[in-house]
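Here the structure is laid out as structure tokens; the discussion comes afterwards.
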2 protein chains.
Amino acid sequence: MRIGQLAQLVGVETQTIRFYEQQGLLPPPDRQDNGYRVYTEKHGERLAFIRRCRILGLSLAEIHELQSYQDDPHQPCTAVNALLDDHISHVRSQITALQALEKQLVSLRASCNDDREVEACGVLAGISEGNMHQQ
Amino acid sequence: MRIGQLAQLVGVETQTIRFYEQQGLLPPPDRQDNGYRVYTEKHGERLAFIRRCRILGLSLAEIHELQSYQDDPHQPCTAVNALLDDHISHVRSQITALQALEKQLVSLRASCNDDREVEACGVLAGISEGNMHQQ
DNA sequence: ATTGACCTTATAGTAGCTTTATAGTTTTAA
DNA sequence: TTAAAACTATAAAGCTACTATAAGGTCAAT
Ligand SMILES: [Zn+2]
Ligand SMILES: [Zn+2]
Ligand SMILES: [Zn+2]
Ligand SMILES: [Zn+2]
């Protein structure tokens, strides 16, 4: 299986596959005589794993860590679970921050309407005055 | 006022100030004979405005746009308000996406506990099987 | 023989800074 | 007075996770 077929199979671009190889996330495949990469099913599974991790918002470093756990299957799950717990709390704090942000933005938006001129813009005034509760 | 004082006043690093100047967000200040930048109060206000926009999650491009509106104070507020509305909807869709993500992650996490070995890890199995509802 | 589809590497661009390197200037302390 | 510290300057690289571009080699079909 060549790189284009693998890319189509998993739904990524060929450059992305080479990038993962370069980053050490995907093991370097064998090459044909002409230098073309030849992939196996294992590569496909590994690549699909990476993509699903990315969809879950895991960083490449976190994926790398997960892979290192997979390579040593008799250790306890503690580290894997801790990684996921950490990631969940990352996501939760992002949500909290964005919700606070939304609130600020909505109240800022409410301080103006389209009938005004920029000179008297409540939004710009609101930002300039800086009566923002930080964080 | 030199760059270090301005930085301390507004609470940013000096490099950040130079970066904003380079990006056209902060007007180039006068220079002393030795080449040191000299800032006025106006610069301070402008920089504070930028920082408050950043805290609100606005991109540098959006801030640039806002600044261009400020320079032409007799146009209607429509564009400013539209920019903010767009940004609010960006933030809202991010929140929605992250909430869906959190749900997935929590259910994935529930499929394992610390008593298992990596070999039988519910988390890793869950990712590998790929029964994920995308998006 | 040449088009087109595929493959290769290397390099640069994206956002918003931060870090590093290298060098010149001013202030402070011994 | 001089030597160290703190400050300033520019330029370039690093960060994340790719994406895009350039310039070229390979292969099948026309
Ligand atoms: Zn994470
Ligand atoms: Zn307005
Ligand atoms: Zn926005
Ligand atoms: Zn587990």
Checklist outcome for this item: What one should report as the nearest heavy-atom pair of Val118(A) and Asp72(B) is CB-O, 4.2 Å
Checklist outcome for this item: What one should report as the nearest heavy-atom pair of His64(B) and Gly24(B) is CE1-O, 3.3 Å
Return the [atom1] to [atom2] distance between [X] and [Y], rounded to the nearest 0.5 Å.
X         : Y         : atom1 : atom2 : answer
Ile95(A)  : Glu102(B) : CD1   : CD    : 4.5 Å
Leu84(A)  : Glu62(A)  : CG    : CD    : 9.0 Å
Leu124(A) : Arg116(A) : CG    : CZ    : 11.0 Å

Item to check | Pair Tyr20(B)-Arg51(B), side-chain donor/acceptor within less than 3.5 Å | outcome: yes
To the nearest Å, how far apart are [X] [atom1] and [N] [atom2]?
X        : N       : atom1 : atom2 : value
Gln15(A) : dA20(D) : CD    : P     : 7 Å
Ile3(A)  : dG25(D) : CD1   : C1'   : 15 Å
Arg54(A) : dT19(D) : CZ    : C1'   : 14 Å

Checklist entry - Which residue, Arg2(B) or Leu58(B), contacts DNA chain C at a nucleotide closer to its 5' end, judged by nearest heavy atom? => result Leu58(B)
Quick check: do [X] and [Y] have side-chain heavy atoms less than 4.5 Å from each other?
X         : Y        : value
Ile50(B)  : Gln67(B) : yes
Glu21(A)  : Arg37(A) : yes
Val123(B) : Tyr69(A) : no

Item to check | Nucleic acid contacts - residues 17-48 of chain B versus DNA chain C, non-hydrogen atoms under 4.0 Å | outcome: Phe19(B), Tyr20(B), Asn34(B), Tyr36(B)
Next on the checklist: Rounding to 10°, can you tell me the angle the first-five-pair axis of the helix from dA1(C)-dT30(D) to dA30(C)-dT1(D) makes with its last-five-pair axis?
Outcome noted: 40°
Checklist entry - Do Tyr36(B) and Val38(B) share a hydrophobic cluster, counting only Ile, Leu, Val, Met, Phe, Trp and Tyr and linking them when any side-chain heavy atoms are less than 4.5 Å apart? => result no
Item to check | Contact interval (first through last nucleotide) of DNA chain C with protein chain A, 4.0 Å heavy-atom | outcome: dC6(C) to dT9(C)
